[in-house]
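The structure displayed is predicted, hence computed values, not measured ones. In what follows, every chain begins at residue 1, and chains take the letters A, B, ... in the order their sequences are listed.
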Protein chains: 2
Amino acid sequence: MSLNGIEFKGLLKEKGFKLTTQRRAVLEIMQDHKGEHLTTEEIYELVKERCPEIGLATVYRTVQLLESLKLVRKLNLDDGCCRYELGLEDEDHHHHHLICEECGKVIEVAEDLLDPLETKIEDLFNFKITDHKLKFYGVCEDCLNH
Amino acid sequence: MSLNGIEFKGLLKEKGFKLTTQRRAVLEIMQDHKGEHLTTEEIYELVKERCPEIGLATVYRTVQLLESLKLVRKLNLDDGCCRYELGLEDEDHHHHHLICEECGKVIEVAEDLLDPLETKIEDLFNFKITDHKLKFYGVCEDCLNH
DNA sequence: CTGCCTGCAAACCGTTTGCATAACC
DNA sequence: GGTTATGCAAACGGTTTGCAGGCAG
């Protein structure tokens, strides 16, 4: 995804939103931290480095906006707070997460073999699936080896 | 699962816990509401009917205990609170949930075709999988038909 | 009798909201 | 200029915790 300022602005305009310094800064931070699972608080700390006057509430409002625009994906890693990662629109399928119950590490899994299951469920329940979230819990390699 | 008082007591004793009226009452409520996805607050309200002096904090502590004993499963249905359902130990595979983004309805899916994917991931990452959680988001039959 | 468990209330913490001001278009 | 967005601080809501008393083993 190469979402430059112009494209972002257009995307916002389409929905009647304005492009502000804060919104651009949050998106840029997310792009700079592709592959990480950032807390809203962490995003706030990072954004403050280049945009010191930003308020935490704005970050909360902005990540929600980015999520509604599908630029960002909300994760729940069972640690009591919302985390976000860049939602790559050119990703043909969503990746998933392995969560180690020993050390808390989160591993990304590119594989997505859920398609056959999805179509089966759509037929069975007449339910139009738009997204799915899959997490595996267990013990990672490092912890297995003590 | 036919977990009577005796078995439950043994399971608790094994880990050094005591069998109290409150713990039994919470477990019984969960068994009486098999298949539902109860909020801690909802469990609290239900338990109070047969155990009026119970405190909300005890319910919080108890559901966590039951979860650690694998008698109960924690769900995150993205509505800002923890929900719990009876974790059937004789269930060979976990079921999953379809969440309608229009009306919020939650549909259970007994199907579980994740086994091949699990073994693949275990081999690939040398990660011992103990559990998984899968949610599908979309629009349910009723909402599709307006 | 000893230590775990409970009920209560206060503390916690991530998140949301109201409002006056500032910024975008 | 009109309207949306921001920053601040207070409110919110679910959850956790400290502690004195209660109960199981």
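Checked against B/Val47 for a side chain to side chain contact (heavy atoms under 4.5 Å, CB included), the options B/Ile54, B/Leu27, B/Leu56 give a single hit: B/Ile54. With A/Leu46 as reference, A/Ile29 is the one residue of A/Ile29, A/Val26, A/Val59 to meet the side chain to side chain contact (heavy atoms under 4.5 Å, CB included) rule.
With distances taken from any side-chain atom of A/Thr20 to the nucleotides C/dC5, D/dG7, C/dC24, the minimum falls on C/dC24. Here the nucleotide nearest the side chain of A/Arg61, chosen from D/dC8, D/dT17, C/dC24, is D/dC8. When distances are taken from the side chain of A/Lys18 to each of D/dG7, C/dG7, D/dG2, the shortest belongs to D/dG2. Which of C/dC5, D/dT15, C/dG7 sits closest to the side chain of B/Cys82 comes down to D/dT15.
The distance from atom CG of A/Asp79 to atom P of D/dT15 is 15 Å, rounded to the nearest whole Å. Protein atom CG of B/Leu19 is 11 Å distant from nucleotide atom P of C/dC5, rounded to whole Å. Residue A/Leu56 contributes atom CG, which lies 15 Å from atom P of D/dA10 at whole-angstrom precision. For the pair A/Asp78 CG and D/dT15 P, the computed distance is 13 Å after rounding to whole Å. The CZ-P distance, from A/Phe17 to C/dC25, rounds to 13 Å in whole Å. When rounded to the nearest whole Å, the span between CD1 of A/Ile54 and C1' of D/dC8 equals 13 Å. When the P atom of D/dA5 is taken as reference, atom CD of A/Glu53 falls 17 Å away, rounded to whole Å. Distance NZ (A/Lys15) to P (C/dC24): 22 Å, rounded to an integer number of Å.
At a cut-off of 3.5 Å, with distance as the only test, a side-chain donor of A/His95 or A/Glu85 sits close to an acceptor on the other residue. Judged purely by distance below 3.5 Å, without hydrogens or angles, the side chains of B/Glu42 and B/His37 never pair a donor atom with an acceptor atom. Side chains of B/Thr62 and B/Gln22: a donor-acceptor N/O pair is absent below 3.5 angstrom, by distance only.
Neither OP1 nor OP2 of D/dT15 sits under 4.0 Å from any side-chain N or O of B/Gln64. Phosphate proximity of D/dG7 to A/Thr58: present, with a side-chain N or O under 4.0 Å from OP1 or OP2. Contact annotation: B/Lys9 reaches the phosphate of D/dG25 (side-chain N/O to OP1 or OP2, under 4.0 Å). Distances shown here put a side-chain N or O of A/Thr21 below 4.0 Å from the OP1 or OP2 atom of C/dC24. Put simply, B/Tyr60 has a side-chain N or O that comes within less than 4.0 Å of OP1 or OP2 on D/dT15.
Other residues, nucleotides and ligands place more than 12 heavy atoms under 6.0 Å from the NZ atom of B/Lys105.
Residue A/Thr40 is in sugar-phosphate contact alone, with no base atom involved, counting any heavy-atom pair closer than 4.0 Å across all strands shown. Residue A/Arg23 is classed as a sugar-phosphate contact, given heavy-atom separations below 4.0 Å to backbone atoms only. Contacts of B/Glu41 with the nucleic acid, taken as non-hydrogen atoms under 4.0 Å apart, are absent.
Nearest-nucleotide assignment on DNA chain D puts the 5′-proximal partner with A/Tyr44, out of A/Tyr44 and B/Thr39. When each of B/Cys81 and B/Lys13 is assigned the nucleotide of DNA chain D bearing its nearest heavy atom, the one mapping closer to the 5' terminus is B/Cys81.
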